[in-house]
Amino acid sequence: MSMVQAEQTLQHVLAAYDFGGEVETVKRFGEGHINDTFRIEARRPDGRLGRSILQRVSPVAFKEPDKLMENIVNVTEHLSREIKRLGGDPTRETLSVLRTRDGAASVTDSAGGVWRAFPFVEGTVCYQSAETPELFAASGRAFGRFQRLLRDYPAHTLHETIPRFHDTENRLQNLKNAVAADSLGRARECGAEIDFMLAREADCSAALSALREGLLPLRVTHNDTKLNNVLMDEKTGEALCVIDLDTVMPGLSINDFGDSIRFGANHSAEDEPDLSKVNLDVGLFETYTAAFLSEAGDALTEAEIRYLPWGAKLMTLECGIRFLTDYLEGDVYFHTTRPGQNLDRTRTQCKLVADMEEHWDELNAIVERYISK
Ligand code: ADP
Ligand code: GN1
Ligand code: MG
């Protein structure tokens, strides 16, 4: 799309909404890997600036955006009711979908792109790494609470917005296919990483087998529980609002726990090229476990708690598999800002998996302390 076309598209989308006044600025915003996110500033009649988030839903990731929006509307309405019932402030503690002038949950541009908007949650900060253990604990309470607030929501009524999203067995198969195709001739650069993943084929079935055997239940899960998918209160430092609800669907609670550990229980960026800086922090694992279970605890079964370390390892392994697949396929899924970024991301995940394996007994001993407490 040319710049002129892009500008026209944006104008068409902006016109569909009442942002509370005349739109003054539209700025790319945030560091998400998937959607195109903009911050809108509009001048209100009282002279103050009102802000909103406008996003184009990624067409690569999400094939059925209408169903995705139906999930988000229903889940945020449920969250809003629950938060109100508990005496909280739903305008800050959950996202809510901003309707178009026609009352729709999204607007489609002439190229078929689907856009939606949310009120900007003011007075919040979005962190890219767990700068302090307190911050990481706060995110654990937020995702634990998310799990608890949705415990009575009928999971089967949610659409699967990305089929087989955390189907690690299938993710490995996709990697094998990408290696076989090797469409860009990149496989020779990443032999060690490919071997690392293939050597863990049996692991890829650990949680799925437990699900098939009825040991782990299907729940309403977020499925993308990175620290940067929760907004922190600027004043109190407490986690306020869980965002990025595109992948809310039936899933495993251990994966929500695990993806947070993957991203946050270390002190390096996801794409850190210097692997000597990439280490699992067992203390942060413990911190997050305590925080997550303090909110989600009684909503989870003993088996779910026992499987939490598997959630951490599998989410990290799976994410590495996905980064590597995308690297081999030409970086078509995850946003990249430099060459080799998806390979660096793959390598950090391999290093973290190796660390988890090294500390496996310790991780299991930590979660064991929360069983029947
Ligand atoms: P992606 O799927 O691409 O990660 P997100 O929905 O997570 O997209 O949004 C990207 C970034 O935009 C977030 O990390 C956050 O910084 C910011 N953001 C999203 N929604 C809001 C909101 N309602 N209020 C304030 N910031 C937001
Ligand atoms: C993507 O959208 P974002 O940046 O929060 C991805 C997650 C990955 C993550 C890796 C819909 O998350 O699954 O774990 O990147 N989201 C989707 O950083 O694929
Ligand atoms: Mg995000």
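Both counts, for ligands and for their atoms, begin at 1 and track the order of listing. Computed from heavy atoms alone, side chains included, the values below leave out hydrogens, waters and symmetry copies.
Residue I243 has at least one heavy-atom neighbour below 4.0 Å for each of these atoms of ligand 1: 13 (C), 15 (C), 18 (N), 19 (C). For ligand 1, the atoms closer than 4.0 angstrom to any heavy atom of L95 are 23 (N). The contact set between ligand 1 and N229, taken as ligand atoms under 4.0 Å from a residue heavy atom, comprises 7 (O). Near H33, with a cut-off below 4.0 Å to any heavy atom, the atoms of ligand 1 are 3 (O), 4 (O). Proximity to K226 (heavy-atom distance under 4.0 Å) selects the following atoms of ligand 2: 3 (P), 4 (O), 5 (O), 9 (C), 10 (C), 12 (O), 15 (O), 18 (O). Residue-ligand proximity, I34 to ligand 1, at heavy-atom distances under 4.0 Å covers atoms 2 (O), 3 (O). Every atom of ligand 1 with a heavy atom of N228 under 4.0 Å away is listed here by number and element: 14 (O).
The number of heavy atoms from other shown groups lying within 6.0 Å of NZ (K176) is above 12. E201 CD: 12 or fewer foreign heavy atoms inside a 6.0 Å radius.
Scanning the protein for heavy atoms near atom 2 (O) of ligand 2, the closest one is I34 CG1, 3.1 Å. Atom 1 (P) of ligand 1 has as its closest protein heavy atom D244 OD2, 3.4 Å. D224 OD2, 3.4 Å is the protein heavy atom nearest to atom 3 (P) of ligand 2. Summary of contacts: the protein heavy atom closest to atom 16 (O) of ligand 1 is C126 SG, 3.3 Å. In terms of protein heavy atoms, atom 14 (O) of ligand 2 is closest to R262 NH2, 3.4 Å. Among protein heavy atoms, the minimum distance from atom 15 (O) of ligand 2 is reached at H33 CD2, 3.4 Å. The protein heavy-atom contact nearest to atom 10 (C) of ligand 2 is E270 OE2, 3.3 Å. For atom 19 (O) of ligand 2, the nearest non-hydrogen atom of the protein is Y333 OH, 2.5 Å. Of the protein's heavy atoms, N35 N, 2.9 Å lies nearest to atom 3 (O) of ligand 1.
At a 4.0 Å heavy-atom cut-off, ligand 2 does not touch R345 at all. The proximity of P119 to ligand 1, defined as any non-hydrogen pair under 4.0 Å, is limited to the backbone. If you look at R39 next to ligand 1, there are no close heavy atoms at all, none under 4.0 Å. Under 4.0 Å from ligand 2, not a single heavy atom of F263 appears.
In terms of polar-atom proximity, defined here as any N/O pair under 3.5 Å, R322 does make such a contact with ligand 2. The distance criterion of under 3.5 Å between nitrogen or oxygen atoms is not met by T247 with respect to ligand 2. Residue E31 has no nitrogen or oxygen atom sitting less than 3.5 Å from a nitrogen or oxygen atom of ligand 1, judged on distance alone. Taking distance alone, with nitrogen or oxygen atoms compared against 3.5 Å, N223 stays at or beyond that limit from ligand 2. The shortest N/O to N/O separation between N228 and ligand 2 does not fall below 3.5 Å. Taking only nitrogen or oxygen atoms, main chain and side chain alike, G30 does not reach within less than 3.5 Å of ligand 1.
Under a 4.0 Å heavy-atom criterion, Q55 is in contact with ligand 1. Residue contacts with ligand 2 include C319, since one or more of its heavy atoms lies under 4.0 Å from the ligand.
When every heavy atom of D256 is checked against every heavy atom of H222, the shortest pair comes out as OD2-N, 2.8 Å.
Note on N35: not counted as a metal contact of the Mg ion (ligand 3), no N/O/S atom lying under 2.8 Å.
Ring geometry for F323 versus H33: interplanar angle over 60°, hence perpendicular rather than tilted (30 to 60°).
If you check each of D246, V125, T124, I53 against atom 18 (N) of ligand 1, the one with the closest non-hydrogen atom is I53.
Using a cut-off of 4.0 Å between Lys/Arg side-chain N and Asp/Glu carboxylate O, D344 and R338 are scored as salt-bridged. At a threshold of 4.0 Å, the pair R92-D233 counts as salt-bridged, since one of the basic side-chain nitrogens sits closer than that to a carboxylate oxygen.
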query = How far apart are the C-alpha atoms of D331 and R186, what are their side-chain angles, what is the distance that settles it, and do they pass the side chain to side chain contact (heavy atoms under 4.5 Å, CB included) test?
reply = CA-CA 11 Å; D331 310 309; R186 290 180 172 180; 3.2 Å; yes

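Expressed to the nearest 10°, the angle at the Mg ion (ligand 3) joining OD1 in N229 with OD2 in D244 is 90°.
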